[in-house]
There are 2 protein chains.
Amino acid sequence: MLKKERQAYILHRLNLHNKVLSTKLGADMKVSEDTVRRDLQELAQAGKLIKVHGGALSLAFNEVQFNSSTVYSQSQKAIIAQKAIGLIKEQMYVLTSGGTTIIEMAKQLPPHLKATFITGSIPVLNAYVSHPNINVIVVGDRVNKEARITVGASAIARIREVNADLCILGTNAIDLQRGITDSDWEVVELKKAMIAAAAKTVCLTIAEKLNSFEALQVCGLKQIDYLITELDPGDKLLRPYVKAGVTVL
Amino acid sequence: MLKKERQAYILHRLNLHNKVLSTKLGADMKVSEDTVRRDLQELAQAGKLIKVHGGALSLAFNEVQFNSSTVYSQSQKAIIAQKAIGLIKEQMYVLTSGGTTIIEMAKQLPPHLKATFITGSIPVLNAYVSHPNINVIVVGDRVNKEARITVGASAIARIREVNADLCILGTNAIDLQRGITDSDWEVVELKKAMIAAAAKTVCLTIAEKLNSFEALQVCGLKQIDYLITELDPGDKLLRPYVKAGVTVL
DNA sequence: ACAAAAACGGCAAAAACATGCAAAAACAAA
DNA sequence: TTTGTTTTTGCATGTTTTTGCCGTTTTTGT
């Protein structure tokens, strides 16, 4: 096997799997690991891949994984937030859960907007109260320290009394079969109540969380009216959700 | 699994769920917990996450706004806070209003203290939720933007349901004839309810506000069990209050 | 205050790496 | 073709990195 051939093969494998192992390459190409190592070294020098201990990683892998600065997916979440804000009309009553995406949305609410927001999440609350025009209603009850959200029977009872126009949920995991799922029982109960109390349910999630799931179901896909991700609505990742009857924005 | 891959996976999981556990990561990636711990250590060093006992937290979660801006009479309020904390015993239920003095108290609560605090004040709430052991109950209702406290019929109804041991009030004005007075009608209503719902009422105020009054009465002096200022209890400024039957600390 | 869980630090085995070297192969020029 | 030079490759050697293990210390929850 020629040197150029070998290196082409390495890049080929790299495109396929995003990673290669020196040992495996050596075995597959029937050359010594030293040779492979030298090849990897050259390719790394040429900027064709990223050399790591034990093998190499594709450049694409690195971009995807490490392009985030301080706040992960900040820009994606900003896009999602803007789309969600588009659904909120003047004088609406909006129920919102917690989560960084919701916080991002709260921060970006246009200053002139007059609407009423209802939440039990402390961090979201903090974002809302600095807005000049919106009304804020707090759902009271015991505070769940991990999620920093009010949970409990009273919170759920209060939410049941609400007739909101929108319920906007930050989502931990969403999946075609299982719908929205979460890991905290108390939070799940709360979200269920919020969905029941609103005319329309909006689900915010970064594309990464699509097709993942956790232990407890919040609701099925059918109960979701809008799904918002940072992707273009026509993206092929979203197609199954469109087929399932969800409006994707 | 390569080291970089592992670390990318950790960040991935972290940004998905805002927290990771060393044990779970070790099991999922089929490496020892020591390896995970070392990975977390490196990532923490690089500022990609926040290492905590048992795992790590995402940077995004850490965004809490504690504006430690110049609080008026900070040192006096710290003294008052300490005296007030002396009244709080284990397992007590404590109703608190808002105000910078109460916030100061909340920040200084000893870490081991196990008690339940009930409040409708957003800034106070923020201080409470970062305490490791106390339970926090939020009184829900509409948020009064000026006072950053929940107000309204529902809030008052919820407070009426409470049987607290202590009601600790930050005070705007106190006076021998008029007792505690305030300027915001909604806040006054709320404070009245809080006093009624607790066995003992504690009034916190800096000496400056002694012998001043505002338009609306919260309660008379007789309803106050403890008066706490930064002054020595024997100070002559406080003597009239002692005579009126208030316990001055 | 106590028991369990987690973190720390050192250790050692294994894997991966770097380096030097020599044989083999490829190449260039006579 | 022959000869000398360069490149490539595999191997031996010693070094570094990585990783799991283990005993000790720290932290945590009850």
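By convention in this document, chain letters (A, B, ...) are assigned in the order of the sequence lines, proteins followed by strands, and residues within each chain are numbered from 1.
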Next item on the list: Report the end-to-end axis angle of the helix from C:dA1-D:dT30 to C:dA30-D:dT1; each axis comes from five terminal pairs, and the value is rounded to 10°.
Entry: 50°

Next item on the list: Report the residues that fulfil side chain to side chain donor-acceptor pair (under 3.5 Å) with B:Asp28, sequence neighbours left out, ordered by chain and then residue number.
Entry: B:Arg13

Check: To the nearest angstrom, how far is A:Lys3 atom NZ from D:dG10 atom P?
Finding: 12 Å

Note to self: Per the salt bridge (charged side-chain N to carboxylate O under 4.0 Å, His left out) rule, what does the pair list look like for residues 125-143 of chain B, sequence neighbours excluded?
What the structure shows: B:Arg142-B:Glu186

Checklist line | Nearest-Å distance for atom pair CG/P, residues B:Leu2 and D:dT18 | finding: 11 Å

Notebook entry, point to check: By side chain to side chain contact (heavy atoms under 4.5 Å, CB included), which residues pair with A:Leu216, not counting sequence neighbours?
Noted result: A:Trp185, A:Val188

Check: Is the closest side-chain heavy-atom distance between A:Leu169 and A:Val202 below 4.5 Å?
Finding: no

Next item on the list: Using side chain to side chain contact (heavy atoms under 4.5 Å, CB included) as the criterion, list what pairs up with A:Ala196, not counting sequence neighbours.
Entry: none

Next item on the list: Anything under 4.0 Å to a heavy atom of chain B counts; send over the first and last such nucleotide of DNA chain C, read 5' to 3'.
Entry: C:dA6 to C:dG9

Next item on the list: With sequence neighbours excluded, give me every salt bridge (charged side-chain N to carboxylate O under 4.0 Å, His left out) pair touching residues 159-168 of chain B.
Entry: B:Arg158-B:Glu161

Checklist line | Partner residues of B:Glu230 under the salt bridge (charged side-chain N to carboxylate O under 4.0 Å, His left out) criterion, sequence neighbours left out | finding: none

Check: Taking the side chain from A:Thr181 and the backbone from A:Ala215, do they hold a donor-acceptor pair closer than 3.5 Å?
Finding: no

Check: Given side chains that start at C-beta, do those of B:Val124 and B:Ile122 come closer than 4.5 Å, heavy atoms only?
Finding: no

Margin query: Looking at A:Gly170, is its backbone amide N or carbonyl O close enough to the side chain of A:Lys191 to form a donor-acceptor pair, meaning the two atoms are under 3.5 Å apart?
Written below: yes

Checklist line | Non-neighbouring partners of B:Gln223 that pass side chain to side chain donor-acceptor pair (under 3.5 Å), sequence neighbours left out | finding: none

Next item on the list: Quick one: label B:Lys114 by what it contacts on the DNA or RNA (base, sugar-phosphate, nothing), any heavy atom closer than 4.0 Å.
Entry: base

Check: What are the residues of residues 37-45 of chain A, sorted by number, that bring a heavy atom to within less than 4.0 Å of DNA chain C?
Finding: A:Arg37, A:Gln41

Checklist line | Of residues 20-34 of chain B, the positions that come close to DNA chain D - non-hydrogen atoms, cut-off under 4.0 Å | finding: B:Val31, B:Ser32, B:Asp34

Notebook entry, point to check: Looking across every strand, which nucleic acid part, if any, lies under 4.0 Å from B:Val52 by heavy atom: base, sugar-phosphate, or nothing?
Noted result: sugar-phosphate

Margin query: Show me the pairs that pass ring-ring contact (aromatic ring centres under 6.0 Å, His included) and involve residues 94-127 of chain B, at least two apart or across chains.
Written below: B:Phe117-B:Tyr128

